[in-house]
Number of protein chains: 2
Amino acid sequence: MKSSPASKTELLERANQLAGKTLGAIAAETGLSLPDSMKRAKGWTGLLVEHCLGACAGSLPGPDFPALGIELKTLPLDHQGKPRESTYVCTVSPRNDLKTAWRTSRVRQKLSHVLWITVEALPDMPLAERRIGTPILWRPDASQEKILKSDWEELTDMIRRGELDKITARYGQYLQIRPKARNARALQSSAGPEGYPDMTLPRGYYLRAKFTRQILDYHP
Amino acid sequence: MKSSPASKTELLERANQLAGKTLGAIAAETGLSLPDSMKRAKGWTGLLVEHCLGACAGSLPGPDFPALGIELKTLPLDHQGKPRESTYVCTVSPRNDLKTAWRTSRVRQKLSHVLWITVEALPDMPLAERRIGTPILWRPDASQEKILKSDWEELTDMIRRGELDKITARYGQYLQIRPKARNARALQSSAGPEGYPDMTLPRGYYLRAKFTRQILDYHP
DNA sequence: GTGGATCCATGTATGGATCCAA
DNA sequence: TTGGATCCATACATGGATCCAC
């Protein structure tokens, strides 16, 4: 693990040094072993990139680069350079989310400043050959934030009305809520219609792929 | 792991079957491997006995035998048959402890009905040769509970006044508070003088050896 | 395409206690 | 003797995401 970058400039330098390299080459440099596939190592690329850039791995709940206020996200791309997957943002924490407004929400904090690291993710391409792309340092513009805020408020209102279990991934234009758990039987403490405790499936906030595609389109 | 005992009678039968056996013999029967010493396996005897009696290992926060409302504790004895160590009860949780009274406290719940399993624990005796003693099913009598309550209330009042960091193991006649952490640098969330969050060393409630000795004296 | 389901790593928290220096 | 320090196992929470049936 490298030390934390001292500045935005240093962070971008490191990220640019990764651009164009294959995961196999990076793994070899860092001494990490390459898994056979992502099936059993879904977060592997993210951990590898965190390691290379000196992010504070697994430290909660701040951004990956606390001194810079920047969050790191890897983004898997298809053969057209479009995102293949939605992007996980953070967990849904019904009690805490109801206590705050959009301005101070964890979703907004996480998304206020993001370093996107794109990675080739074609299903038939061996992991070792997949290449890192050009890094994108992004902040939401006014129109993007407006819609994110609207989505978040719609979802939070449903939670407030005790309708968490009615929320499906179909709500939200850019931001959606989907399961985020070990499996469908996992339960976490929640809040019922009138604030009473309840157990529900753990969920997370995700960015739809069509939204991250828009980000890429503005940073070609 | 055996199934849970269905009744107090069945639990006592199982405990009596362990009495007189050595840890080596029991480990062999259960297929568990005996550690070289307790230095690196401090809770080993407790886990072994839980296994043999069918306790719900590690399930929180109820008693070891939920259906019976009975807590299991092993008690290491010296060459005179006296307790060698204090007995851990439960962790100190400042916020929760302040919300409750003695009647509903976790300390009282844990101690309301205990099955004590004594074990020889002479320092020079090899682990494999140490023998389990006669089980003791115990409930605190009125005078014991009076003092436990008094100790708990004294300690809880100190926590309420924000004096958790001033509490040493010297307070309390039967019940004391001592560190319970990975090491002295470990920190956990606490509550400051006016309810503000604070970080302190994790601590636990313990029964002094002189108290458990009293229990043994009444059940010779 | 994508909504619902799932997988790994890691850090804490809790439950089982005993160690050891003064 | 014992107050303060420490050790192991296991479960849960969170952060990293991708899988895959429909």
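Quick note on labels: first sequence line is chain A, next is B, and so on, each numbered from 1.
Where B/Leu187 and B/Gly43 each meet DNA chain C at their nearest nucleotide, the meeting point lying more 5' is that of B/Leu187. The residue among A/Ile167 and A/Leu47 whose nearest nucleotide of DNA chain C is located toward the 5' end is A/Ile167.
Among D/dA17, D/dA5, C/dG4, the nucleotide with an atom closest to any side-chain atom of A/Thr168 is C/dG4. The nucleotide whose nearest atom lies closest to any side-chain atom of B/Glu71 is, among D/dT6, D/dG3, C/dG16, C/dG16. Residue B/Arg208 places its side chain closer to D/dG3 than to any other of C/dG3, D/dG3, C/dG15. Distance from the side chain of A/Asn183 is smallest to C/dT6 among C/dT6, D/dG4, D/dG16. Distance from the side chain of A/Ala184 is smallest to C/dA5 among D/dA5, C/dA5, C/dA13. Comparing D/dG3, D/dA17, C/dA17 by their closest approach to the side chain of A/Lys73 singles out D/dA17.
Applying the salt bridge (charged side-chain N to carboxylate O under 4.0 Å, His left out) rule to B/Arg108 yields the partners B/Glu145; only residues at least two apart in sequence or on another chain are considered. Scanning for side chain to side chain contact (heavy atoms under 4.5 Å, CB included) contacts around B/Ala41 gives B/Pro35, B/Trp44, with sequence neighbours left out.
The minimum heavy-atom distance between B/Ala209 and B/Glu85, with the atom names listed, is CB-O, 3.8 Å. Here the closest heavy-atom approach between residue B/Lys166 and residue B/Tyr171 is recorded as O-CE1, 3.7 Å. Heavy atoms only, all atoms of each residue included: A/Leu111 and A/Pro140 are closest at O-CD, 3.2 Å.
Here B/Pro76 lies in heavy-atom contact (under 4.0 Å) with sugar-phosphate atoms only. Counting non-hydrogen atoms under 4.0 angstrom, B/Lys180 reaches a base of the nucleic acid. In this structure, B/Tyr206 reaches the bases: a heavy-atom distance under 4.0 Å links it to at least one base atom across the strands shown. As judged by a 4.0 angstrom heavy-atom cut-off over every strand, B/Ala186 is placed among residues making no nucleic acid contact. Within the nucleic acid shown, B/Arg203 has no heavy atom closer than 4.0 Å to any nucleic acid atom.
Side-chain atoms of B/Arg106 do not come within 3.5 Å of backbone N or O of B/Gly62 as any donor-acceptor pair.
Summarising the geometry, the separation between CZ on A/Arg95 and P on D/dT14 is reported as 12 Å, rounded to the nearest angstrom. We find that CD of A/Gln188 is positioned 19 Å from P of D/dA11, with the value rounded to whole Å. Atom C1' of nucleotide C/dG15 and atom OH of B/Tyr205 are separated by 16 Å, given to the nearest angstrom.
OP1 or OP2 of D/dA17 sits under 4.0 Å from a side-chain N or O of A/Thr74. Phosphate proximity of D/dG3 to B/Gln176: present, with a side-chain N or O under 4.0 Å from OP1 or OP2. Within the 4.0 Å cut-off from OP1 or OP2 of C/dT18, not a single side-chain nitrogen or oxygen of B/Arg40 is found. Taking only side-chain nitrogens and oxygens, B/Arg170 comes nearer than 4.0 Å to OP1 or OP2 of D/dG4.
Salt bridge annotation for A/Lys110-A/Glu71: present, with a cationic side-chain nitrogen under 4.0 angstrom from a carboxylate oxygen. Taking a cutoff of 4.0 Å between a charged side-chain nitrogen and a carboxylate oxygen, A/Asp165 and A/Arg203 qualify as a salt bridge.
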Give me the distances for all protein-to-nucleotides 19-22 of chain D N/O pairs that come in under 3.5 Å?
from   : atom 1 : to      : atom 2 : distance (Å)
D/dC19 : N4     : A/Glu85 : OE1    : 3.1

_Chi angles and distances behind the side chain to side chain contact (heavy atoms under 4.5 Å, CB included) call for B/Val49, B/Leu72_ = CA-CA 9 Å; B/Val49 173; B/Leu72 178 66; 3.9 Å; yes

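The end-to-end axis angle of the helix from C/dG1-D/dC22 to C/dA22-D/dT1, rounded to 10 degrees and based on five pairs per end, is 20°.
Here the rule is side-chain hydrogen bond (donor to acceptor under 3.5 Å, both in side chains) with B/Tyr205, and of B/Asp97, B/Asp151, B/Thr91 only B/Asp97 fits it.
For A/Arg130, the CZ atom counts as densely surrounded, since its 6.0 Å shell holds more than 12 non-hydrogen atoms of other residues, nucleotides or ligands.
Both cation-pi conditions hold for A/Arg178 and A/Tyr206: the charged atom is under 6.0 angstrom from the six-membered ring centre and inside a 45 degree cone around its axis.
Listed by first and then second residue, the salt bridge (Lys or Arg N to Asp or Glu O under 4.0 Å) pairs involving residues 26-43 of chain B are B/Lys21-B/Glu29 (not counting sequence neighbours).
Residues from residues 112-121 of chain B that place a heavy atom under 4.0 Å from any atom of DNA chain D: there are none.
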